[in-house]
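Position 1 is the first residue of the sequence; numbering continues from there. Since this is a predicted model, take the numbers as computed values, not measurements. Heavy-atom basis, side chains included; hydrogens, waters and symmetry copies ignored.
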Amino acid sequence: MAAQAVMFVSKRLQRVVFALMCLMTAQLVLTMASCEPDEPALLGAVRVPISYPG
């Protein structure tokens with residue numbers, strides 16, 4: 001009896017968790033697609049020319 005109740009709840013929760021995971025993935029994809037690199041974040045980066053001896 002208890003095992004049947006656990007399986008019933010588990011089946012229902014699987015659908016809910018799957019739906020939430022799909023929504024989270026969609027939001028992540030849309031957020032990453034609309035991102036542009038921030039210019040101020042690049043201010044700390046320094047390019048150093050490489051000189052070869054000779």
Side-chain angles (χ1 to χ4, degrees):
M1 180 74 175
Q4 289 177 344
V6 169
M7 289 299 293
F8 178 72
V9 171
S10 176
K11 285 181 183 178
R12 294 187 75 178
L13 285 179
Q14 282 178 355
R15 291 178 181 160
V16 171
V17 170
F18 182 72
L20 288 175
M21 291 293 288
C22 287
L23 289 173
M24 288 172 40
T25 303
Q27 177 149 4
L28 179 66
V29 168
L30 290 174
T31 302
M32 294 301 288
S34 65
C35 284
E36 294 181 9
D38 295 334
E39 292 299 323
L42 297 176
L43 291 178
V46 178
R47 290 191 173 219
V48 178
I50 299 174
S51 61
Y52 296 102

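Clustering of Ile, Leu, Val, Met, Phe, Trp and Tyr by side-chain heavy atoms under 4.5 Å joins V29 with none of the others. The hydrophobic cluster containing M21 also includes V17, under a criterion of side-chain heavy atoms closer than 4.5 Å among ILVMFWY residues, counted directly or through chains of members.
Of the inter-residue distances, the one linking L28 atom CG with L23 atom CG reads 12.5 Å to the nearest 0.5 angstrom. Remark: R15 CZ to S10 OG distance equals 11.0 Å, nearest 0.5 Å.
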